[in-house]
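Residue numbers start from 1 in every chain, and the chains themselves are labelled A, B, ... in the order their sequence lines are given, proteins ahead of strands. Keep in mind it's a predicted model, so treat the numbers as computed, not measured.
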Amino acid sequence: MYLDKTIVELHNLLVKKEVTPYELAQEAIENAKNDSNNAFETICEQEALDFAKTLIEPEKDNLFWGIPYVAKDNYSTKGILTTGSSDILKDYVPVFDATVIKKLKEKKAVLIGKTTLDELAMGGSGTTSHKGKTYNPYDKTHTYIIGGSSCGSAASLASGIVPFALGSDTGDSVRKPASYAGLVGFKPTWGRISRYGLFPFAPSLDHVAYFTRSVEDAAIALEILQGHDELDMTSSLKEQCNYFKDLNKDIKGMKIAYIKEIVESVKDKVIIEQFEKTLNILKELGAEVNQVSMDKKLLTAIFGTYYVISCAEATSNNANLDGIKFGLREGNEKTYQEVMFKARTKGFGEFIKRRFIIGSYSLFKENQEELFLRAQKARRKIVNEINKILQNYDLIYLPALGSVRNPFESNVDKLEPNYLIAENHLAIANFAGLPSLTLPIGIDKDFPFGANFLGRAFEEQKVFNVAYALESKLEFKNITAKKVNG
Amino acid sequence: MELEAVIGIEIHVEMKTKTKMFSSSSNVFGADTNTKVSPLDMAFPGTLPVVNKQAVINAIRVCSALHMDIDHELWFDRKNYFYSDLPKGYQITQQRRPIGSNGYVEILCDNSMKKIHIERLHMEEDTCKQIHYADCTLLDYNRAGTPLLEIVSLPEIHNGEEAMKYVDAIRRIVVYSNVSDGKMEEGSLRCDVNISLKEKGQDKLGTKVEIKNLNSLANVEKAINFEIKRQSELIMNNLPVEQETRRFDETHKETVLMRKKTDAVDYKYFTEPNIPPIKLSDEFINDAIKSCPELADVKYERYVKAGLSSQEAYQLLQDKDLSSYYDSCLQYNPKLAKQIWNFLVVDISSYLNKRGETFALFTLKAENIVKLLSIIDKGDISYAQGRKVFEKMCEKELDPNIIVESLNLKQNSNTEEIKAMCLEVIANNNQSVIDYKAGKDRAMSYLVGQVMKTSKGKANPQIVAKLVKEILDSK
Amino acid sequence: MKEINETLLKECAHNLMFDMKEEEYQTLLNEFHIVQEQLSMIGEIDGLDQEEPMTFPFDCAISYLREDEEKENLTREEALKNAKDVFAGQIKLPKVVG
């Protein structure tokens, strides 16, 4: 059993030749086949083993050499089925690799499988995949959600199948499941990593994001994934950084803010208690920690703002799914309209159809001012407020979510103001395109929960450093469901 | 009631860049189906648009030629609708901030220049090509993503002739700036006409009718004139003009109904989030304009200065390949402007016509054509002989001097020698001298002919004619 | 803004080239009311109308363009690999009219 180790630990074993990439790939595939959380769309057994077999001489300076990983099934993988967890793409085999997949391949990381997601990444519960619910490995009763949309990737890490998983994050789709699954979930600045090959949900909010089980591993991953890509005009030309080498636990003098209204909106006391404990740790480490305040009206507006913008962009992004060039087409249609109509009616789940309608409606000429443009204005207002705080502080630190657990069947009022704030504030990082990292800070009755750091644009290093420092003072580095619950 | 037509024209121009508007697959015309496509052209999930620099340069050049304000920041929008030829389910265009706005073009109407104002020019992408068969439609994605310019005039055009001249003016600009082939018959320049009638002197417009698929300049004029007549008759008979889209039927020379217009489609425009705002520096814009190939109106001025008549200059400009060949010739000897014009437009053109060829593929060196014309100009060979030399050159390209030499064509322009021949011929043809004196002109031609014969055709005919006349008159 | 009802929503769905189960329209109607409520609340935020709508998360303007050089042609096989109905190197559709 190797794969409950971190990338750094595995790398050391690989370099010492105590284990080979082939053995790791075999173990990961075995783990994936035994997965009981419905985390996989596809297991690429043959491809993974064939590739791992070619990896003979360890590359000392390449920490991803021979490391098995999984990717959310909304990354285009050449020659490997990529469904977006939607029936409309249930037999789509891309002819090109996403840029991040290509980069991982170049680093000789071994793709083990493609993981489930909320259909086309539109959702936060991990329940709307065409394969049904994905479960939280921490919950053998299958009562509580793991969160989405990157549910399968989160489950793969929490159950120790692999040490690294690509996800994507449009509202909180990596950082939310990271909290429920005891993981480090990270999204960098918008533009830091190329989105080429990531199925778009809402491009102005979409980020390549990922899960690891340690902050070090998260820093390593950004080093290899970062950089401008000529296939993505929104990918930044900013200088690339050595996040891993420059990791530093010394956070003396770092200025950290927490937002009063968000902390107060958290429902579970255990989260607040543990969060306050971590505030003290940060202070002990020499950081200057202060409470700041933000207009509650703006905070309760996050959800509506997010919903309208993301649905509007999504309805357009998914208009290419019409059964003509690829995807579901049954045949015997009489008109091209029928081709489209059948593909889209049968291919999309009802949940995302509703979102498409809401998005489309928000874009109609006569509604745009009151819906789409209003949401875009609110976005700016929220972003301006957050950036004002970040003018005086290096980072914002907050509980990731309002509760430790969230059952599949829930009667909570999703429009109750505290719920609106606590369960949606992570989307601020998407509105503003800022780097954001969730890491586990506590365990309550066998369920982990996380807190989140939000940094300034392109200042990922600070986010890593402070998370690294905090992680070292807690006992939740590299936890898995098995380690915690036996 | 006197009626007046109000006409606005939308022109789509396919650019002849090397690659597509937003992807780097080839933008070549006529390739095997579906062999010039990128993942983006097929709208595969995860692909992203990347703006083609040359397309932007082209847009700037046309904006400049149309005296437009050029936006220093590029923004793109999505136009959302479903159609079988639209791969992404939306078209990337520039709805809110077109690169060019507020320009004009001048056309010559009734001997005076008229300004037609242009509201906007923007960049967008073409759809895939549909080929319709009896029982199915086949899709070729080679055309998907071809860069387009859309140029929208204000409704300031009032008849078919103005419309035709407007389209021709735009066509010349895009052709001479090397932006497009501008071939209406091949669809690389397409125009849609909006036309409504109003009472003269009144502001209130009648119902707008759109005419699509006009595939030649002549058809633009004919279609509009027909449509004006059709709508006028409806109005005069108190019948309603329906809001509809019509096309021009070439065989019957009339516009026919394509479809009635229902409610305008809501395209749900919004800013394209995958293309960040692109700043264009003054330097970039100025370079694009400065390096633009010479435009037709500049060429026109230059030709007139070189000595061509307005009509001649205009005729050259109708064919860009001809005009550019003319320019190549002109640089070897600007003094021969007229002679070159004549030889290219009359002789070479008819040679090419006979073979169904054009100047585009004409390979003889301009330098050699000019050499030949210089030889003619010096009087070393006659024009008729020059044509023969040209034909030899077409068989095998050699320096015309060598051909003249080998055919032994060089004319004799030695006055003394010719005079001797003239005296001899006249002395031997007394009757002709008498006829000439009696006023019979034919006698003179006969004598000149005889001298030419004696010289074996090599005597310079002008000199012969001059000398024969002198001798006869002195008798 | 138009009054929202099931007929309108159905029209929207058809406009997007799909249909939903009947009961979904009621669910959607409820969701719509939530969205509208949210957005009208957002409309009350002070000074909102003075804000410029935001598309990009921050100023990300660039000043470069792609060179016009041919790069990524797919083969025909790749281009058409995922299409269900292919004939003579092209994607086949029922005859498109109008």
message = Given heavy-atom pairs under 4.5 angstrom as the criterion, report whether the side chain, backbone, both or neither of Asp135(B) touches chain C.
response = backbone
key: Under 4.5 Å from a heavy atom of chain C, the part of Phe22(B) involved   = backbone
Pairs where residues 7-46 of chain C contributes a residue and the test ring pair (Phe, Tyr, Trp, His ring centres under 6.0 Å) is met, not counting sequence neighbours = Phe341(A)-His14(C), Tyr361(A)-Phe32(C)
key: Contact class of Asp85(C) relative to chain B, heavy atoms under 4.5 angstrom   = neither
key: For Ile99(B), the option from Val62(B), Ile70(B), Asp69(B) that meets side-chain contact (heavy atoms from CB on, under 4.5 Å)   = Ile70(B)
message = Does any backbone or side-chain atom of Lys129(B) lie under 4.5 Å from a heavy atom of chain C? Answer side chain, backbone, both or neither.
response = neither
query = Regarding Lys79(B) and the six-membered ring of Tyr267(B), is the cationic atom NZ or CZ under 6.0 Å from the ring centre and inside 45° of its axis?
reply = yes
query = Under a 4.5 Å heavy-atom cut-off, does chain B meet the side chain of Ser63(C), its backbone, both or neither?
reply = both
Contacting region of Glu78(C) [heavy-atom separation from chain B under 4.5 Å] = backbone
remark   = Checked Asp41(B), Asn27(B), Val50(B), Asp32(B) vs chain C; the most non-hydrogen pairs under 4.5 Å come from Val50(B)
query = Measuring heavy-atom distances to chain C, does Ile57(B) have an atom under 4.5 Å in its side chain, in its backbone, in both, or in neither?
reply = neither
task = Name the region of Ile62(C), side chain, backbone, both or neither, that has any atom closer than 4.5 Å to a heavy atom of chain B.
result = both
ask   = In terms of ring plane angle, is the pair Phe56(C) and Trp75(B) parallel, tilted or perpendicular, where the classes change at 30° and 60°?
value = tilted
task = Sort Tyr141(B) into side chain, backbone, both or neither according to what part of it lies under 4.5 angstrom from a heavy atom of chain C.
result = side chain
inquiry  = Taking the basic N atoms (NZ, or NE/NH1/NH2) and the acidic carboxylate oxygens, is any pair closer than 4.0 Å for Glu69(C) and Lys53(B)?
reply    = no
